[in-house]
Amino acid sequence: MSLKIQHQENHCTIFTSQLPEAENWRQEEGILQPQIDEQKALIVQMQQQVQLSNLLNQINNEIRSTLDIEEILTSACRLLGQVLQSSRASILVKESSTGNILVTRGEYNAGDYPIQLGMKVPLADNPHLEKVMSQQESLAVTKFLDFPGLNPQTRTIAEALEIKSMLSVATRYQGEVNGIIGLHQCDREREWTDWERQLVEGVASQLAIAINQAKLYRKTRRQAERESLLRLIGNQIRSTLDLGTILETAVREVRQMLQCDRVIIYQFEDNWQGKVVVEDMTVPWPSILGDMGADKCFRGDYADLYQQGRVKAINDIFNSGLEPCHVDFLDSLQVKANLIVPIITSSNEENSQSPAEISNLKPGRLWGLLIAHECRDTRNWQRQEMELLSQLADQMAIAIQQAELYSQVREAAVKSQAQTQQLQAALQELRSTQQQLIQTEKMSGLGQMVAGIAHEINNANNFIHANLFHAQEYFKVLNEALELCGKACPEAAEALVKINEELELDYVREDFGKLLNSMREGSGRIRSIVTTLRSFSRLDEAEFKAVDLHEGLDSSLLMLQNKLKTNIKIDKKYGSLPRVNCHAGQINQVFYNLIDNALDAIDSADKPGELTIRSWQSEPDWVAISVRDTGNGIPAEIQDKIFDPFFTTKPVGKGTGLGLSVCYQVIVQAHGGRIRCVSEVGGGTELIVELPLTNQMG
């Protein structure tokens, strides 16, 4: 491509070098001036297109080489500033779709001008920013300080930055503004040309993609850090019963991840008073470990709300509608904002209930609160931060419950040898709790991995898909440039004919469109696969909702493709099912376990087999899913035990005995459904799941 452009430029240079001689001839003849002017304009236009193409290629190379948003934007600012010879080039990024603050994340400075990098710029009362965001085209201002509606604060900032002229355009990704490109002229007032505006607008579309990709990468990285913290706490819970070590690790890691000033765990005692049992804070903020003083505003109705799982985010204690005594209490602790998450453990009575009685239990015990303090300034707590603290509070509740159970076991052992049976039951309960946590984390980890892989594939595919249109347009532009060059320059036309003969240029131009169509089809197939993977993970569906069960079955089959050997036939007999109100992620885990067990049963039979999946509406308000294998079957005497925890028919090391137990809990206890087994030795096994259409448990 660069060789062709250079060749065209050389011919255009030759043509231009002959212009003085042609000029003399025109003055004599006076009839070819309009044609020559048109040819000059075409040459300038072609050079500008080449310049824009080169600039976009350089920016694309930067985008492909790194996902660091500061590095990408700084390079883009440098390229823009140098090409347009502006005093300053900066890129402001909108930190969130709902936020009203722009942050300068990239800057190029051509002289000894004030630095704008890192500056936060509010959208409110900034008419020039509002105008840029409200229009598709760029905004060119020659006398910036005379822009209508500038408030005194904005004028002061503009004078400090020495801005005399400005050229700005908004970057939009899928119709939403995610940033603003700004070019400043500080040494003089400048009239911006149409070409300069077009160049900036062309760059904006590429940078919009880069900003979005970098945000997604940063979000993914933060999600990975959160998952790493959750795994760390989970590993500690499984490896130790030292509650102090677990809680100290949790508050230390939370404070570092949230970058807040203080994180504490407050444990309740009588009358809803208590003390700080664990703390991690930074200097110069004082420690409040131990008795931090009574909050006289904390009443029993507050405890009821926290016991029901309320998460309270206070962005500014002075402007959140808190009672004066509560504000005074927080102010005495030098707190400007805080985030409060309850730590709720299950009661001792809950641990002794049968599966049929669990749904009638009262809420668990409010053990304490996990609290993050911001002391330096106010803070807008994000949803992801609330979710992280909630997940950690759940993990802490498990650790606390396990520690309490372990303490009970030790006390029972010391009191009397006659309590051996009670001791064994408590140890079994502790082991069951730990193993259930491991199994749940495995399935959750699988869903997280699938969602992460789908997310990363989709990110890369979106970049390819978004650029296919531009590739098509660039190809059209290059074709038009070649045709115009041939018409404008006779010498170029002859050279193009020669190039066509040597490089088969006509074939390339004809086949390029087919190549793009093939790429578009491949991108579409990737999107289809990503959709199936997301359907399996269902990580964004934490609540009950109406879903298509067939999608869950298909996505579970896709996840088990590696176990589908050539000697296993898959027979899907799907009936016409209405959408079912359920927790999609949990139901997908059930389908995964049932199909996985069926494939293992077929494989253990050492002969070709068949997996049959059926669906039908068993009753007016119920649907049924059947998974049947042609394995060796299950003896009648043990069929009643297959849903018990830790019971397995697989060889040692091949199964945990938790798969069908989890299925039972999800279907019967969480969804009010039914699950049954139909099997005979030598005749295979069929597991039938029945679910109500409208589940009241959600």
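Values below: all heavy atoms of this structure, side chains included; hydrogens, waters and symmetry mates excluded.
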Notebook entry, point to check: Hey, mind stepping through Gln472 and Phe469 against side chain to side chain contact (heavy atoms under 4.5 Å, CB included) and telling me if it holds?
Noted result: CA-CA 5 Å; Gln472 184 76 45; Phe469 172 79; 5.6 Å; no
Check: Do Ile211 and Leu73 touch side chain to side chain, with heavy atoms closer than 4.5 Å?
Finding: yes
Margin query: Measuring only between side-chain heavy atoms, which start at C-beta, is Arg262 closer than 4.5 Å to Arg255?
Written below: no
Next item on the list: Without swapping roles, check the side chain of Ser205 against the backbone of Gly202 for a donor-acceptor pair under 3.5 Å.
Entry: yes
Note to self: Any non-hydrogen side-chain atom of Arg105 less than 4.5 Å from a side-chain atom of Ser90?
What the structure shows: no
Check: Looking at Pro114 and Ala160, what are the two nearest heavy atoms and their distance?
Finding: CG-O, 3.0 Å
Next item on the list: Measure across Asp316 and Ala337 and return the closest heavy-atom pair with its distance rounded to 0.1 Å.
Entry: N-CB, 4.4 Å
Notebook entry, point to check: Do you know which of His373, Arg376, Met281, Arg379 makes side-chain contact (heavy atoms from CB on, under 4.5 Å) with Cys260?
Noted result: Arg379
Note to self: If you define the side chain from C-beta out and look only at heavy atoms, does anything of Lys312 sit under 4.5 Å from Met386?
What the structure shows: no
Note to self: Just verifying a value: how many Å separate Asn126 CG and Met133 CE, rounded to the nearest 0.5 Å?
What the structure shows: 11.0 Å
Notebook entry, point to check: Do Lys336 and Leu330 have side chains that get closer than 4.5 Å, going by heavy atoms?
Noted result: no
Next item on the list: Sequence neighbours left out, what pairs pass ring-ring contact (aromatic ring centres under 6.0 Å, His included) with at least one residue falling in residues 111-131?
Entry: His128-Phe144
Note to self: Using side-chain heavy atoms (C-beta onward) and a distance below 4.5 Å, is Met119 in contact with Leu161?
What the structure shows: yes
Next item on the list: Using the side-chain hydrogen bond (donor to acceptor under 3.5 Å, both in side chains) rule, take Gln185 and Asp187 through it: C-alpha gap first, then chi angles, then the decisive distance, then the call.
Entry: CA-CA 6 Å; Gln185 201 65 38; Asp187 56 345; 2.9 Å; yes
Margin query: Counting C-beta onward and ignoring hydrogens, is there a side-chain heavy-atom pair between Leu145 and Arg155 closer than 4.5 Å?
Written below: yes
Margin query: For Gln153, I'd like to know if atom CD has over 12 heavy atoms of other residues, nucleotides or ligands within 6.0 Å.
Written below: no
Next item on the list: Identify the two heavy atoms, one from Ser87 and one from Cys186, that lie closest to each other, and give their separation to 0.1 Å.
Entry: OG-N, 2.9 Å
Checklist line | Pair Asn315, Thr378: side-chain N/O donor-acceptor within cut-off below 3.5 Å | finding: no
Notebook entry, point to check: side-chain contact (heavy atoms from CB on, under 4.5 Å) with Cys375: which of Asn338, Asp261, Thr282?
Noted result: Asp261
Item checked: Set of residues satisfying side chain to side chain contact (heavy atoms under 4.5 Å, CB included) with respect to Ile115, sequence neighbours excluded -> Glu107, Asn109, Leu117
Next item on the list: Could you tell me which non-hydrogen atom of Ile317 sits nearest to which non-hydrogen atom of Val335, and how far apart they are?
Entry: CD1-O, 3.0 Å
Check: For Thr104 and Ile91, what are the C-alpha separation, side-chain angles and deciding distance, and is it a side chain to side chain contact (heavy atoms under 4.5 Å, CB included)?
Finding: CA-CA 6 Å; Thr104 307; Ile91 299 178; over 6 Å; no
Check: Are the side chain of Glu176 and the backbone N or O of Tyr173 linked by a donor-acceptor pair below 3.5 Å?
Finding: no
Next item on the list: Enter the distance from Glu374:CD to Trp285:CH2 here, rounded to the nearest 0.5 Å.
Entry: 9.0 Å
Next item on the list: Work out which heavy atom in Ser86 is nearest to a heavy atom in Ala110; give both atom names and the distance.
Entry: O-CB, 3.5 Å
Notebook entry, point to check: Going through the distances and angles, do Lys120 and Val103 end up as a side chain to side chain contact (heavy atoms under 4.5 Å, CB included)?
Noted result: CA-CA 5 Å; Lys120 294 183 178 180; Val103 181; 4.0 Å; yes
Notebook entry, point to check: OG1 of Thr171 to CD1 of Ile180: how many Å apart, nearest 0.5 Å?
Noted result: 8.0 Å
Item checked: Spatial distance of atom CD1 (Ile340) from atom CG (Leu389) [nearest 0.5 Å] -> 10.5 Å
Margin query: I need the full list of side-chain hydrogen bond (donor to acceptor under 3.5 Å, both in side chains) pairs touching residues 156-169, with sequence neighbours left out, sorted by first then second residue.
Written below: none
Margin query: Donor-acceptor pair, distance only, cut-off 3.5 Å: does the side chain of Ser134 make one with the backbone of Glu130?
Written below: yes
Notebook entry, point to check: Is a donor on one side and an acceptor on the other found under 3.5 Å between the side chain of Gln135 and the backbone of Ser138?
Noted result: yes
Margin query: Is the shortest side-chain heavy-atom distance between Asn178 and Asn212 below 4.5 Å?
Written below: yes
Check: Do we see a donor-acceptor contact under 3.5 Å between the side chains of Asn380 and Gln382?
Finding: no
Check: How about Thr142 and Glu189: does a side-chain donor come under 3.5 Å of a side-chain acceptor?
Finding: no
Next item on the list: Count the heavy atoms belonging to other residues, nucleotides or ligands that lie under 6.0 Å from CD of Glu473, then report whether that count exceeds 12.
Entry: yes
Check: Can you list the steps and then say if Glu387 with Arg383 is a salt bridge (charged side-chain N to carboxylate O under 4.0 Å, His left out)?
Finding: CA-CA 6 Å; Glu387 291 176 352; Arg383 179 178 58 83; 2.5 Å; yes
Note to self: Rounded at 0.5 Å granularity, tell me how far CG in Asn462 sits from CD1 in Ile209.
What the structure shows: 9.5 Å
Check: Out of curiosity, Ile181 CD1 to Leu80 CG, how far, rounded to the nearest 0.5 Å?
Finding: 6.0 Å
Check: So, for Gln116 and Leu92, which heavy atoms are closest and what is the spacing to 0.1 Å?
Finding: NE2-CD1, 3.8 Å
Next item on the list: Step by step, work out the side chain to side chain contact (heavy atoms under 4.5 Å, CB included) result for Trp192 and Val200.
Entry: CA-CA 11 Å; Trp192 304 95; Val200 172; over 6 Å; no
